[in-house]
Protein chains: 2
Amino acid sequence: MANDHRPDTRRTLTLRDVSEASGVSEMTVSRVLRNRGDVSRSTRDRVMKAAKDLGYVPNKIAGGLASQRVNLVAVIIPSLSNMVFPEVLTGISQVLDDTGLQPVVGVTNYSPEREERVLYEMLSWRPSGVIVAGLEHSDAARAMLTNAGIPIVEIMDVDGPAIDSVVGISHHRAGQMMAQTILAAGYRRIGFLGTQMPHDHRARKRLEGFTAALAAAGLALEDREYYDGGSALLKGREMTQAILSRRPDLDFLYYSNDMIGAGGLLHCLDAGIDVPGRLGLAGFNGVELLDGLRVRLATMDACRLEVGRAAAEILTGKTADGRSSGVRIELTPRLDPGQTIRAPR
Amino acid sequence: MANDHRPDTRRTLTLRDVSEASGVSEMTVSRVLRNRGDVSRSTRDRVMKAAKDLGYVPNKIAGGLASQRVNLVAVIIPSLSNMVFPEVLTGISQVLDDTGLQPVVGVTNYSPEREERVLYEMLSWRPSGVIVAGLEHSDAARAMLTNAGIPIVEIMDVDGPAIDSVVGISHHRAGQMMAQTILAAGYRRIGFLGTQMPHDHRARKRLEGFTAALAAAGLALEDREYYDGGSALLKGREMTQAILSRRPDLDFLYYSNDMIGAGGLLHCLDAGIDVPGRLGLAGFNGVELLDGLRVRLATMDACRLEVGRAAAEILTGKTADGRSSGVRIELTPRLDPGQTIRAPR
DNA sequence: CCAAGGACCGTTAGCGGTAACATAGCGCAT
DNA sequence: ATGCGCTATGTTACCGCTAACGGTCCTTGG
């Protein structure tokens with residue numbers, strides 16, 4: 001009695017119920033409900049009314065099995081909590097909304113094992129496409145994607161070989177660009193503050209590009225500070241205080257993301273540090289939050305909305321040549337110097 | 001040739017392929033893969049190996065149809081972009097992760113029409129439960145929920161009649177509590193700053209509770225300011241500036257959420273306003289972001305994680321009495337006075 | 001007037017699994 | 001030896017819907 005929900009008096013409705021209520025065959029009802037094939041206006045109306053009156057809700061499980069077609073798109077992302085992926089999702093939804101395709105989101109928490117599990121679960125629903133963040137996957141996950149027989153779009157990153165289609169920016173180049181901008185402004189003693197996440201490959205690639213550009217100028221990072229978990233804004237504050245008390249001579253701090261960058265900026269403002277004169281700051285992502293700070297943090301836009309839109313357009317074949325496989329789109333991130341990098345000298 | 005993905009040389013695998021590869025019946029393969037029923041150790045191993053070697057991924061569409069059971073839980077929320085619902089999702093996932101149930105998220109953007117559409121889509125997958133934010137639904141949506149024949153949990157709000165189960169806080173009382181705290185601290189000329197969202201019923205209820213408590217003390221809101229869209233932090237800044245330039249005599253600002261509250265706080269700090277002496281501030285939600293500000297904003301925790309966990313526990317029957325229907329859980333929000341309300345006089 | 005071609009609707013045969021029930025083989029107490 | 005109970009596996013009949021095809025009218029041009 002505890003778990004019994006609606007004992008069985010009213011089974012859940014099927015096409016048959018609607019067909020009996022409207023006096024036509026199940027097939028005709030199916031045609032009406034899917035708006036496919038020829039049905040006369042009068043029977044269409046009759047069927048629609050019956051369906052609505054009964055409160056019939058189609059069974060996509062059965063429909064999907066019969067038609068071998070499912071209007072789902074699997075979207076696999078590392079996290080929902082950092083503001084960046086929700087915006088990608090928004091882009092995806094915008095495009096998918098008018099196509100009958102529906103995104104289903106899976107979250108991996110930056111864990112390859114979880115990615116593999118989530119992917120397996122998703123593929124078992126036989127979606128008509130997959131959008132997955134990043135190019136790095138376990139061997140098993142890669143095999144599943146390769147053999148799924150559906151279009152795959154890897155997003156956010158183009159630095160590496162793609163399984164099928166890919167949309168994103170080069171984080172290596174993004175790091176490089178930022179470093180060059182910083183160097184051009186005359187900063188020389190540079191520290192890095194980032195997250196302790198071995199599986200955040202995009203952050204890693206940005207840092208690699210960054211240090212490569214420093215190396216090309218005969219420089220290296222002077223110091224690093226990492227954090228793990230907790231409020232990013234607060235951590236940014238604390239880390240900044242820590243690194244500056246250890247190395248007060250640093251003249252630039254490069255943050256792996258805008259949240260900790262914003263925290264650092266708040267600390268500098270509160271501490272009365274001359275930004276960008278004595279100390280320059282830069283983050284990454286172009287999050288909306290930054291607009292609310294008194295001083296605008298230098299950042300780089302990862303084109304999140306655009307990435308989501310482009311990925312969805314590939315899956316729906318809305319590309320230039322109508323292809324939905326093997327497409328490669330590299331977007332160019334815009335560097336916003338904000339007010340925390342001084343003018344080039 | 002454009003859209004053709006994997007021409008058809010290798011069809012997608014079925015149980016039959018695994019059964020042939022391992023020399024047992026499809027049924028036995030099914031038993032092995034679901035870990036159900038008696039299968040000898042040796043055949044189990046053989047089947048597992050065959051499935052792995054082939055790269056077989058079960059078809060849950062077919063399985064769901066046959067078993068009349070689908071391990072999905074529909075989760076319907078208004079938004080993903082404001083940090084509050086992701087935390088609810090985290091709570092839900094934490095509990096569901098070990099149960100084989102999988103959340104599927106739908107976003108309504110605070111639109112009743114979209115809620116109805118999303119709900120219809122979700123129900124057509126025949127999930128084993130629904131978690132939906134809020135108690136307000138269109139008639140059609142309410143009918144669908146009532147007739148779905150599965151456990152329904154409405155979350156985040158308990159101020160009103162529930163369809164089935166409900167988990168949340170009373171926003172009316174939350175607003176009331178905040179008002180009483182503010183009044184006890186001696187503030188008297190109070191302004192409100194909020195979002196222009198007619199369908200955010202919880203914000204509305206908080207404000208109703210708030211004004212009711214003011215009225216009980218013979219007071220009313222002195223002024224209001226609304227915004228719509230854009231960066232909440234920035235809007236909070238701008239609105240605060242606007243309302244204060246219009247009514248410099250106000251001694252308290254009540255914000256409908258923490259993001260705009262934080263923006264307001266930043267403005268006040270930058271403008272050198274004495275907080276909480278001359279002006280008190282309070283928001284709502286207890287978002288993590290606030291930890292990173294120099295001055296902690298007064299707020300009220302909406303128990304988001306706990307709400308998510310409790311909702312999931314209801315669906316999985318992990319309640320005190322094992323019920324998964326008709327449960328009502330009212331949580332008590334914790335008021336955190338932070339540093340923006342002065343001590344009661 | 002008739003064949004051809006729509007418009008409209010029904011029938012049949014699955015889709016890929018699983019519930020429920022059979023069946024086969026074996027050990028063991030009687 | 002017999003029969004019972006258990007384990008391990010196979011068989012059958014769907015689940016609710018749709019693709020594919022077939023049939024019946026009715027229109028229409030020659």
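All figures in this text were calculated on a predicted structure; none of them were measured in a lab. Chain identifiers are assigned alphabetically (A, B, ...) following the order of the sequence lines, protein sequences preceding nucleic acid strands; residue numbering begins at 1 within each chain. Just so you know, these numbers use all the heavy atoms, side chains as well, and skip hydrogens, waters and symmetry mates.
- One atom, CG of B:Leu13, and another, P of C:dG17, lie 9 Å apart when rounded to the nearest Å.
- Rounded to an integer number of Å, the gap from A:Trp125 CH2 to C:dG16 P is 16 Å.
- Residues from residues 45-60 of chain A with heavy atoms under 4.0 angstrom of DNA chain D, sorted by number: A:Tyr56, A:Asn59.
- Taking atom CG of residue B:Leu15 and atom P of nucleotide D:dC15, one finds them 19 Å apart after rounding to whole Å.
- Of the side-chain N and O atoms in A:Thr43, none sit less than 4.0 angstrom from OP1 or OP2 of C:dC8.
- For A:Met48, the CE atom sits in a loose shell: 12 or fewer heavy atoms of surrounding residues, nucleotides or ligands are nearer than 6.0 Å.
- Partners of A:Arg142 by side chain to side chain donor-acceptor pair (under 3.5 Å), not counting sequence neighbours: none found.
- Surrounding CG of B:Asp98 are more than 12 heavy atoms belonging to other residues, nucleotides or ligands, all under 6.0 Å away.
- Residues B:Asp17 and B:Leu54 approach most closely at O-CD1, 3.8 Å, considering heavy atoms.
- Taking atom CG on A:Asn71 and atom C1' on D:dT18, their separation rounds to 15 Å, with Å as the unit.
- Contacts of residues 35-42 of chain A with DNA chain D (heavy atom under 4.0 Å): none.
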With the criterion being N/O to N/O and under 3.5 Å, what pairs connect the protein with nucleotides 13-15 of chain C, and how long is each?
unit_1 : atom_1 : unit_2  : atom_2 : d
C:dC15 : O3'    : A:Gln68 : NE2    : 3.0
C:dC15 : O2     : A:Leu65 : O      : 3.4
C:dC15 : O2     : A:Ala66 : N      : 3.2

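- Contact record, B:Ile163 with B:Glu154: N-OE1, 2.7 Å, taken as the closest heavy-atom pair.
- Looking at B:Arg114, its side chain does come within 3.5 Å of a backbone N or O of B:Val107 through a donor-acceptor pair.
- Two residues are said to be in side-chain contact when any heavy atoms from C-beta on lie closer than 4.5 Å; B:Val73 and B:Ile92 fail this criterion.
- For A:Pro151 against A:Ser324, the heavy-atom pair with the smallest separation is CB-O, 3.3 Å.
- Within a heavy-atom distance below 4.0 Å of DNA chain D, the residues of residues 21-34 of chain B found are B:Val24, B:Ser25, B:Met27, B:Thr28, B:Arg31.
- Using a cutoff of 4.0 Å between basic side-chain nitrogens and carboxylate oxygens, A:Lys49 and A:Asp45 are not scored as salt-bridged.
- Listed for the B:Ser128 side chain is a donor-acceptor partner under 3.5 Å among the backbone atoms of B:Val70.
- No more than 12 heavy-atom neighbours from other residues, nucleotides or ligands sit within 6.0 angstrom of NZ on B:Lys52.
- A:Met27 CE: more than 12 foreign heavy atoms inside a 6.0 Å radius.
- Using a cutoff of 4.0 Å between basic side-chain nitrogens and carboxylate oxygens, B:Arg16 and B:Glu20 are scored as salt-bridged.
- Each end of the helix from C:dC1-D:dG30 to C:dT30-D:dA1 gets its own axis, taken as the rotation carrying the C1' atoms of four end pairs onto the next four within a five-pair window, and the two axes meet at 50° to the nearest 10 degrees.
- Nearest nucleotide to the B:Thr14 side chain, out of C:dG17, C:dA19, D:dT18: C:dG17.
- Checked by atom type and distance alone, the side chain of B:Asn109 never pairs as donor or acceptor with a backbone atom of B:Ser111 at under 3.5 Å.
- Atom-to-atom, CD1 of A:Ile61 to P of C:dT18 comes out at 13 Å; the value is rounded to the nearest Å.
- Considering only heavy atoms from C-beta on, B:Val32 stays 4.5 Å or farther from B:Arg46 through its side chain.
- Within the 4.5 Å cutoff, side-chain heavy atoms of A:Leu305 are placed close to those of A:Gln94.
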